[in-house]
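Presented below is the structure to which this report refers.
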Amino acid sequence: MQLAQQQCVHDDEAKNPIDDDKRQQLMSEQLSNWQFDDKTGAIYRKFKFKNYYHTMAFVNAVAWIANKQAHHPDLEVSYGHCLVRYTTHDAGNSVCMNDLICAAHIDALENNGTFGPNFLDD
């Protein structure tokens with residue numbers, strides 16, 4: 001099943017870190033624009049926009065997803081970009097399925113055209 005079609009779960013199993021091979025597979029197949037930080041154990045993606053208004057609209061959409069999924073990213077917001085970083089603190093700052101699911105929901109914003117014209121290429 002596609003990550004963007006899944007919902008976060010909040011049981012003990014959800015706190016289990018995903019093994020490196022499975023994380024790499026899912027990221028290469030479904031989250032190709034996201035990267036893994038070996039030092040922090042987080043996945044991240046930098047989204048670029050043409051102005052502050054579009055950046056903040058994106059941040060508000062990410063906040064809506066985070067609240068709906070009850071799983072929240074770390075955000076670094078600036079005039080024309082937003083860095084989104086996911087890791088599960090309850091799992092010792094490791095990547096879990098909920099992190100990948102939320103990343104896919106954020107990517108779906110771009111894919112469904114909601115923010116498509118406002119995303120800038122890296």
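In what follows, every heavy atom counts, from backbone to side chain, and hydrogens, waters and symmetry copies are set aside.
- Cluster partners of Y44 are L83, counting Ile, Leu, Val, Met, Phe, Trp and Tyr whose side-chain heavy atoms approach within less than 4.5 Å, directly or via other members.
- Using a 4.5 Å heavy-atom threshold, the side chains of L100 and V95 count as touching.
- To the nearest 0.5 Å, atoms NZ (K48) and OH (Y79) are separated by 15.0 Å.
- Contact record, H72 with Y86: C-CE2, 3.9 Å, taken as the closest heavy-atom pair.
- For Q30, the side-chain contact (heavy atoms from CB on, under 4.5 Å) criterion is met by Q2, L3, L26, not counting sequence neighbours.
- The distance from atom CZ of F49 to atom NE2 of H81, rounded to the nearest 0.5 Å, is 10.0 Å.
- The main-chain N or O of C8 is found under 3.5 Å from a side-chain atom of Q69 such that the two form a donor-acceptor pair.
- Remark: side-chain polar atoms of T88 are not paired, donor with acceptor, to backbone N or O of K15 under 3.5 angstrom.
- Here the side chain of N98 pairs a donor or acceptor atom with the backbone of V9 at under 3.5 angstrom.
- In this structure, W34 CH2 and I106 CD1 are separated by 4.5 Å, a value rounded to the nearest 0.5 Å.
- The minimum heavy-atom distance linking P17 with A91 is given by the pair CG-O, 4.1 Å.
- When all heavy atoms are compared, the tightest approach of T55 to S78 is CG2-O, 3.4 Å.
- The shortest side-chain heavy-atom distance between K68 and H105 does not fall under the 4.5 Å cut-off.
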Name the atoms and distances for all side-chain donor-acceptor pairs under 3.5 Å in residues 56-63, with sequence neighbours left out.
| unit_1 | atom_1 | unit_2 | atom_2 | d |
| --- | --- | --- | --- | --- |
| N60 | ND2 | M56 | O | 3.2 |

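- Residues P73 and A66 come closest through the heavy atom pair CD-CB, 3.8 Å.
- Here CD1 of I65 is found 8.0 Å from SG of C102. Values are rounded to the nearest 0.5 Å.
- One finds the CE atom of M27 at 8.0 Å from the CZ atom of F36 (value rounded to the nearest 0.5 Å).
- Atoms OG and CZ, from S28 and R23 in turn, are 10.5 Å apart once rounded to the nearest 0.5 Å.
- A heavy-atom distance below 4.5 Å is found between the side chains of T87 and H89.
- One finds a salt bridge joining D107 and R45 here, because a Lys/Arg side-chain nitrogen approaches an Asp/Glu carboxylate oxygen to under 4.0 Å.
- Taking each heavy atom of D19 and K22 in turn, the nearest pair found is OD1-N, 2.8 Å.
- Atom CD of E13 sits in a sparse spot, with 12 or fewer heavy atoms from other residues, nucleotides or ligands closer than 6.0 Å.
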